[in-house]
Amino acid sequence: MKNFTQTLCLFLLLVSSSFAQQEKGITGKNSWLNNWTEFRPNQSEYGEPTQILSGNINQDTKLNKKDTYLLLGSVFVTDSTTLTIEPGTVIIGDFKTNGALIISKGSKIMAEGLETDPIIFTSNRSVKKEGDWGGIFLLGDAPINKFGNASSVNYGLRPTSFDNISYGGLNAESNSGVMRYVRIEFAGKRTQAFGYFNSLTLAGVGRKTVIENIMVSYSDGNSFNILGGVVNLEKMVSFRTKSNDYEFNFGTQCNISNSLAVRSPYVSGSDGSRCLFVASYDKKEEVDLSKKGTYVNAENLTLINLSDNLASDISVGLVKEALYISENASIDMRKSVISGFNPAVIIDNKVQINAENLERIKFTDMYFNNCKGNIFTENDTNNADLENWYGNSVFFNVYSKGTDAETFIDAKNPKRPDFRLRINKILASNQVDTEN
């Protein structure tokens with residue numbers, strides 16, 4: 001077993017950099033990772049299901065902690081129904097039938113866990129692996145940039161009505177409910193016909209939906225897949241996903257703050273998965289370019305790659321960039337940490353490097369550490385213009401190649417019992433390792 005607890009702890013010391021007065025990376029006076037997160041979910045046993053969920057749920061329904069539920073196939077919450085889930089409830093996705101939960105447009109989920117009693121979605125296999133079951137879909141009627149203001153998710157879900165898988169509309173304030181203190185483990189199953197599920201898909205979700213304190217771990221598809229909508233994400237955790245940690249597309253307007261992505265080069269997908277993938281479309285002809293393109297407003301993120309030997313892993317192609325920014329997409333990223341990537345950021349080669357586009361792609365008060373290059377244009381090794389631009393002192397960006405011991409310890413007061421040290425304690429107690 002390869003234990004990387006110590007390495008991870010050193011990286012998370014970046015929460016408050018000694019190189020600036022403002023904190024960079026995830027923050028908090030008290031550790032918001034306490035109690036509800038789990039970094040070794042394969043070690044947890046939840047017993048056999050006592051209740052089965054299948055087909056359509058078209059009446060208000062409550063799931064109780066005393067029962068353990070099995071998602072058998074695609075389970076749709078339809079007809080303006082509210083699904084309420086008690087704190088501490090365990091819902092298990094079925095492996096054979098691609099168990100998935102879909103909150104259809106107009107319906108709601110009220111999954112309000114507690115810090116001491118989170119709601120858990122996990123696998124029903126005895127030996128749990130990435131992609132054991134489907135995932136969770138929240139579908140709303142907030143704007144997207146596709147023609148016709150609407151689209152659908154498919155994945156072979158087999159709904160009884162097309163309306164059950166449609167999303168998008170004109171209501172930026174739409175409310176798909178609450179997800180708070182929720183863990184989603186071993187989701188993102190791959191299908192031959194439709195590709196990968198994603199652990200949590202937010203499609204056309206509106207501003208009044210509450211998404212906070214969500215941990216996705218060991219996903220085969222994207223951890224968080226955001227398709228259009230107006231979304232606020234706070235205190236997200238993506239741990240050891242094979243695909244992208246956070247993917248934004250189809251005109252998403254998203255604020256994401258105080259969130260974490262921990263990648264391992266030994267489980268990442270071979271197609272170059274990233275911490276953040278920011279795009280406005282897959283195919284240009286499918287969207288209305290007069291509508292808003294994707295915009296991500298990101299603050300206090302910590303994006304880290306944990307390698308046993310970073311230089312070696314980069315040389316054999318195991319380590320990719322942390323962020324990929326596509327054409328007609330925008331990002332404003334501040335007070336965040338990117339550490340251990342190759343390079344930190346790639347900008348699509350269709351994006352012309354000019355004043356207009358640089359105004360749409362902002363990096364301010366950042367901490368780039370141990371990255372083989374910082375901000376590049378795709379397939380262009382000459383990044384002098386970008387380095388000069390983002391390296392200007394007006395942006396307060398810091399570039400470091402220091403060793404872990406020198407870089408991640410607060411030289412002013414290394415024994416201060418602050419949030420960073422509390423994170424170390426949590427991760428150590430979970431005995432994080434690089435194997436299932």
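Predicted, not measured: the structure shown is a model, and the values here were computed from it. What's counted below: heavy atoms across the whole structure, side chains too, no hydrogens, waters or symmetry copies.
Residues Lys283 and Glu285 are not paired through a salt bridge, judged by the lack of any N-O separation under 4.0 Å between the basic side chain and the carboxylate. Ion pair Asp365/Lys24 flagged as a salt bridge, since at least one NZ, NE, NH1 or NH2 atom sits closer than 4.0 Å to an Asp/Glu carboxylate oxygen. In this structure, Asp245 pairs ionically with Arg263, as a charged nitrogen and a carboxylate oxygen lie closer than 4.0 Å. Electrostatic pairing of Lys129 and Asp220 does not count as a salt bridge here, judged by no charged N lying under 4.0 Å from a carboxylate O. The pair Glu321-Arg274 meets the salt-bridge criterion, with a side-chain N (NZ, NE, NH1 or NH2) lying under 4.0 Å from an Asp/Glu carboxylate O.
Under the side chain to side chain contact (heavy atoms under 4.5 Å, CB included) test applied with Val77, the options Leu101, Leu53, Ile109, Ile102 reduce to a single match, Leu101. The side chain to side chain contact (heavy atoms under 4.5 Å, CB included) with Val216 is formed by just one residue from the set Ile184, Ile136, Thr241; it is Ile184. The side chain to side chain contact (heavy atoms under 4.5 Å, CB included) with Gln352 is formed by just one residue from the set Asn357, Leu358, Ile347; it is Asn357.
Aromatic ring orientation, Phe277 versus Tyr324: parallel (interplanar angle below 30°, classes split at 30° and 60°). Between Phe363 and Tyr390, the ring planes lie perpendicular to each other; the angle is over 60°, past the 30° to 60° tilted range.
The CZ atom of Arg183 lies 7.5 Å from the OG1 atom of Thr37; values are rounded to the nearest 0.5 Å. Between the CG atom in Asn222 and the CG atom in Asn249 there is a gap of 10.0 Å [rounded to 0.5 Å]. Expressed to the nearest 0.5 Å, how far CG of Asp132 lies from CD1 of Ile92 amounts to 11.5 Å. Rounding to the nearest 0.5 Å gives a distance of 5.5 Å between CE of Met236 and CZ of Phe224. The CG atom of Leu72 sits 6.0 Å away from the OG atom of Ser54 when rounded to the nearest 0.5 Å.
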Would Lys146 and Ser151 satisfy side-chain hydrogen bond (donor to acceptor under 3.5 Å, both in side chains), going step by step from the backbone distance to the final call?
CA-CA 7 Å; Lys146 286 191 174 184; Ser151 188; 3.0 Å; yes
Please step through side chain to side chain contact (heavy atoms under 4.5 Å, CB included) for the pair Arg180 and Leu114, ending with a clear verdict.
CA-CA 8 Å; Arg180 181 185 285 122; Leu114 300 172; over 6 Å; no
One pair to check against side-chain hydrogen bond (donor to acceptor under 3.5 Å, both in side chains): Asn145 and Tyr281. What are the steps and the verdict?
CA-CA 8 Å; Asn145 65 357; Tyr281 44 77; over 6 Å; no
Take Asn213 and Lys235 through the test side-chain hydrogen bond (donor to acceptor under 3.5 Å, both in side chains) and record every step on the way to the result.
CA-CA 5 Å; Asn213 293 88; Lys235 297 178 181 176; 5.0 Å; no
Go through the steps to decide whether Tyr295 and Asn297 satisfy the test side chain to side chain contact (heavy atoms under 4.5 Å, CB included), and finish with yes or no.
CA-CA 7 Å; Tyr295 169 69; Asn297 179 35; 3.6 Å; yes
Phe395 and Trp389: CA distance, side-chain angles, deciding distance, ring pair (Phe, Tyr, Trp, His ring centres under 6.0 Å) verdict:
CA-CA 9 Å; Phe395 295 116; Trp389 175 259; 5.5 Å; yes
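Under a 3.5 Å cut-off, the side chain of Asn388 and the backbone N or O of Ala384 do form a donor-acceptor pair. Side-chain N or O atoms of Asn309 include one that pairs as donor or acceptor with a backbone N or O of Ser312 at under 3.5 Å. For Asn305 (side chain) and Gly340 (main-chain N/O), a donor-acceptor pair under 3.5 Å exists by modelled atom type. Between the side chain of Asn300 and the backbone N or O of Gly25, at least one donor-acceptor pair lies under 3.5 Å. A donor-acceptor contact shorter than 3.5 Å links the side chain of Thr302 to the backbone of Ile26. Proximity of a side-chain donor or acceptor of Trp32 to a complementary backbone N or O of Thr27 within less than 3.5 Å is detected. Here the side chain of Asn392 pairs a donor or acceptor atom with the backbone of Val394 at under 3.5 angstrom.
Side-chain contact between Ile91 and Leu63: present, with at least one pair of heavy atoms (C-beta onward) separated by less than 4.5 Å. Contact of the Val351 side chain with the Ile325 side chain is not registered, since no non-hydrogen atoms from C-beta on lie closer than 4.5 Å. Side-chain contact between Leu289 and Asn328: present, with at least one pair of heavy atoms (C-beta onward) separated by less than 4.5 Å.
For NZ of Lys291, the number of neighbouring non-hydrogen atoms (other residues, nucleotides, ligands) closer than 6.0 Å is greater than 12. By the 6.0 Å contact criterion, CD on Glu378 is enclosed, its count of non-hydrogen atoms from other residues, nucleotides or ligands being greater than 12. The environment of CZ in Arg190 is sparse: at most 12 heavy-atom neighbours from other residues, nucleotides or ligands sit within 6.0 Å.
What you find for Pro118 and Trp36 is that their closest heavy atoms are CG-O, 3.8 Å. Leu138 and Ser176 make their closest contact through CD2-CB, 4.2 Å (heavy atoms, listed as atom of the first residue, atom of the second, distance). Across every non-hydrogen atom of Phe250 and Val287, the tightest pair is CD2-CG1, 4.1 Å. In this structure, Glu38 and Arg40 approach most closely via the heavy-atom pair OE2-N, 2.8 Å. Between Ser223 and Ser238 the shortest heavy-atom distance is OG-OG, 2.7 Å. Here the shortest heavy-atom pairing between Leu157 and Ala100 reads CD2-CB, 4.4 Å.
Under the 6.0 Å cut-off for aromatic ring centres, Phe39 and Phe239 qualify, their centroids lying closer than that.
Stacking of Lys189 on the aromatic ring of Phe95 is recorded, both the 6.0 Å distance cut-off and the 45° axial limit being met.
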